[in-house]
Each structure stands twice: as C-alpha cells, then as structure tokens.
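One is the number of the first residue; the rest follow in order along the sequence.
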Amino acid sequence: MDQDLERRDFLKLGSVGLAMAGAAALATTALKPEQAYAQAASTSLLRTVLERGKLIVGTGSTNAPWHFENDKGELVGMDITMAKILAKGLFDDETKVEFVDEAPDQRIPNITTGKVDIVIQFMTISAARAQLINFSRPYYVEGIALLTRPDAPNKTFDALLKGGKDTKVSILQNVDGEKNVHAVLPEAQVLQVDTQANVIQALESKRADAAAVDLSTVRWMVARTPDRYADSGKSWQNQLYGAGVKQGDLDWLTFVNTCFSVAMHGNDSAIYDQAFKEYFGIDLAARATGFPSI
C-alpha cells in the first residue's frame with residue numbers, strides 16, 4: 001500500500017516536474033574537467049586536451065562567413081563558433097582555444113600527424129576523405145545558390161527560369177560548371193569565370209543575371225548588403241560540412257558529436273543560434289520537443 005502511494009506521489013510530478021528533477025540531478029552530478037579526465041581512455045585525445053587546458057583547432061582566416069578576421073583583427077566566423085562551442089564544453093570557457101591557420105590542403109595532414117586536435121574549416125564530408133579521417137556530425141548543409149540583384153526584374157528563381165535562353169548565369173570555371181547550372185536552369189547561358197570575385201563582378205556589372213555561388217556566400221552577402229544583393233530563393237546539390245578528427249579515438253569523436261548536437265538541437269543553443277543569425281541572417285526556430293528531428 002505504501003509503495004502504491006509513493007508511486008502515485010511520484011507520478012503527480014508530471015512531465016514538468018520530472019524534467020526539473022532531471023535538470024537538478026544533472027546539475028548536482030556534472031563532472032568537473034579533472035573527473036572527465038580520469039574517465040577518458042588513457043590513449044584518448046580527450047584526456048590530452050583536458051590535461052593541456054586548451055583546444056588546438058586547425059582552420060583558415062580568409063573565407064567569410066566561415067573563418068575570417070573582423071575589423072578588430074579578431075578571428076571570427078561560423079567555423080570559429082563551432083570551435084568555441086567545443087571549448088565551452090571542455091572547460092566551460094569558450095576562449096580556451098588556440099587556432100592554427102592552415103591551407104585547405106593541410107587539413108587532413110594536420111589531423112593525421114597530430115598537429116591539431118580537430119579541423120573545423122568548411123570541410124565537405126565525403127566517402128573518400130572518410131577513409132583517411134573521421135568526421136563529426138554535420139553542422140551545416142552547404143549547396144549551390146543563385147545570387148541576384150534586388151533591383152533586377154528577374155531577381156527570383158522563377159523569373160530566371162522563365163527567362164530561358166535569355167538568362168545568363170556566372171559561375172566559377174570548373175569541369176562541372178555548365179552541368180551544375182543546367183541542372184536547375186536548363187536553357188540558361190553559362191558564363192564560366194576565373195575567380196569567385198569575378199563571378200560576382202559579372203553580376204554587379206549586369207553581364208550576368210545571377211551568380212551561382214555557395215549558399216553560405218549568398219546568405220552572408222545578402223545579410224550584410226541587402227541593397228546590393230538578393231537571394232533568388234533557389235539552392236541545390238547539398239554538401240555536408242563537418243569537423244575532422246583522427247581515426248581510432250571513439251571517446252574524442254563522441255565528445256565532439258555530443259557538443260555539436262547539444263549546441264544545435266539541445267538546451268544550449270544560444271551560441272550557435274547567434275552565429276547563424278550574424279553570418280547567415282537567419283533566425284533559427286525554437287527546437288521542437290518530443291520526437292527527435294536530429
């Protein structure tokens with residue numbers, strides 16, 4: 001009888017009471033870095049990083065909105081934000097991170113040789129690369145998008161499509177350039193250009209009606225200068241961006257994935273959301289509770 005009463009009293013807490021009780025339990029049992037250190041495998045990078053007291057991250061410094069220097073000379077961007085999220089998870093201090101400026105072709109070598117703990121540098125996840133390193137869960141879905149001019153009559157994708165053979169699209173010169181544009185605008189004229197800057201310049205000079213560039217570039221430029229650039233509303237050819245770590249260290253990979261998942265979909269998403277708004281001009285919706293959508 002007493003057990004039945006205790007059970008009914010417990011159930012009276014309801015879902016809110018249980019959630020609060022869970023949060024309280026988490027607060028009282030949270031591990032300190034030295035406790036986490038003791039539980040990590042002796043060979044895991046997780047133990048090494050905790051002992052060192054800082055995270056070493058390979059990244060770039062010249063590609064907005066991912067990694068670049070602001071007016072104060074500070075390294076900022078979405079990749080930099082993901083590094084700070086990890087530092088906060090490790091040390092409860094997002095400043096405890098050292099950045100190693102590296103060229104794109106040094107991303108994988110720097111991981112495999114141990115020069116850095118992790119690479120966060122807009123790296124596309126692929127099967128070929130996954131044979132050499134491990135990837136974290138994706139933290140952004142990149143794609144091709146169409147940058148247009150806000151004052152143009154054909155600034156939307158529907159108008160560009162309706163233009164048929166009269167529509168001109170600039171894109172960075174590559175073997176798949178024409179194929180990529182014709183995947184969504186089958187009749188458009190394709191102008192293959194030598195540099196990304198000139199791809200956008202073709203749009204500005206009205207030699208092109210749209211510039212086919214990364215979706216993140218479109219969002220960044222529109223967010224900064226909406227009077228000069230517009231988003232046509234079309235993106236395609238998804239690519240996943242993830243962080244790279246050395247193979248064979250499940251503790252470290254699991255920790256990275258946990259931090260990213262909580263920051264993107266859990267109850268500690270303020271840093272991620274703020275960065276997404278700053279660099280892409282988008283207010284992310286509140287995360288839905290219930291069945292996971294991650």
Are Trp220 and Val213 co-members of a hydrophobic cluster defined by side-chain heavy atoms under 4.5 Å apart? yes
Please give me the minimum heavy-atom distance between Pro153 and Ala159, naming the atom from each residue. O-CB, 4.1 Å
Thinking salt bridges, do Glu204 and Arg228 make one under a 4.0 Å N-O criterion? yes
For the side chain of Gln192 and the backbone of Asn174, is there at least one donor-acceptor N/O pair under 3.5 Å apart? yes
Indicate whether the side chain of Ser44 and that of Asp249 have a donor and an acceptor atom separated by less than 3.5 Å. yes
With side-chain hydrogen bond (donor to acceptor under 3.5 Å, both in side chains) as the criterion, how do Thr59 and Glu102 come out once you've worked through the C-alpha distance, each side chain's angles and the decisive distance to 0.1 Å? CA-CA 6 Å; Thr59 192; Glu102 60 187 14; over 6 Å; no
Do Phe255 and Leu50 share a hydrophobic cluster (ILVMFWY, side-chain heavy atoms under 4.5 Å, transitive)? yes
Is Ser232 reaching over with its side chain to a backbone N or O of Thr156, donor-acceptor style, under 3.5 angstrom? no
Can you tell me if Thr225 and Asp227 form a side-chain donor-acceptor pair at under 3.5 Å? no
Give me the atom names and distance for the closest heavy-atom approach of Val218 to Ala145. CG2-CB, 3.8 Å
Shared hydrophobic cluster for Leu55 and Tyr139 (ILVMFWY, side-chain gaps under 4.5 Å): yes
Check: Ser261 side chain, Thr258 main-chain N or O, donor-acceptor pair, under 3.5 Å: no
Which heavy atom in Val199 sits nearest to a heavy atom in Ala212, and how many Å separate them? CG1-O, 4.3 Å
Between Asp214 and Thr217, is there a donor-acceptor pair closer than 3.5 Å when you use the side chain of the first and the backbone of the second? no
Would a single hydrophobic cluster contain both Ile282 and Val222, if residues Ile, Leu, Val, Met, Phe, Trp and Tyr are joined by side-chain heavy-atom contacts under 4.5 Å? yes
Using only atom types and a distance under 3.5 Å, with no angle test, would you say the side chain of Gln189 pairs donor to acceptor with the backbone of Gly164? no
Run the side chain to side chain contact (heavy atoms under 4.5 Å, CB included) test against Leu132 and tell me which residues pass, sequence neighbours left out. Ile108
Among side-chain atoms of Asp176 and Asn180, is any donor-acceptor pair under 3.5 angstrom? no
Would you tell me whether Asn198 and Thr195 have side-chain atoms, one donor and one acceptor, within less than 3.5 Å of each other? yes
Quick one: closest heavy-atom pair of Ile120 and Ala243, and the distance? CG1-CB, 3.9 Å
Could you check Ile144 against Leu215 for side chain to side chain contact (heavy atoms under 4.5 Å, CB included), going step by step and ending with a plain yes or no? CA-CA 5 Å; Ile144 303 173; Leu215 174 61; over 6 Å; no
Run the salt-bridge test on Asp117 and Lys54 with the 4.0 Å N-O cut-off and return the result as yes or no. no
Non-hydrogen atoms of Ile133 and Gly244 that approach each other most closely: CD1-CA, 4.0 Å
Is it true that a side-chain atom of His182 and a backbone atom of Ala188 form a donor plus acceptor pair closer than 3.5 Å? yes
Donor-acceptor pair, Gln121 side chain versus Asp79 backbone, under 3.5 Å? no
Option among Phe122, Tyr272, Phe260, Phe280 that satisfies the ring-ring contact (aromatic ring centres under 6.0 Å, His included) test with Tyr140: Phe280
Test Val116 against Val57 for side chain to side chain contact (heavy atoms under 4.5 Å, CB included), laying out the working first. CA-CA 6 Å; Val116 299; Val57 177; over 6 Å; no
Presence of salt bridge, Lys168 and Asp209, under 4.0 angstrom: no
Quick check against the 3.5 Å criterion: does Thr254 have a side-chain atom that pairs as donor or acceptor with the backbone of Asp251? no
Hey, quick one: are Met123 and Met82 part of the same hydrophobic cluster, counting side-chain heavy atoms closer than 4.5 Å, chains of contacts allowed? no
Can you check whether Ser216's main-chain N or O pairs, donor with acceptor, with Glu142's side chain at less than 3.5 Å? yes
Should Tyr241 and Trp66 be marked as a ring-ring contact (aromatic ring centres under 6.0 Å, His included) after you check the CA-CA gap, both sets of side-chain angles, and the distance that decides it? CA-CA 11 Å; Tyr241 284 173; Trp66 294 101; 5.1 Å; yes
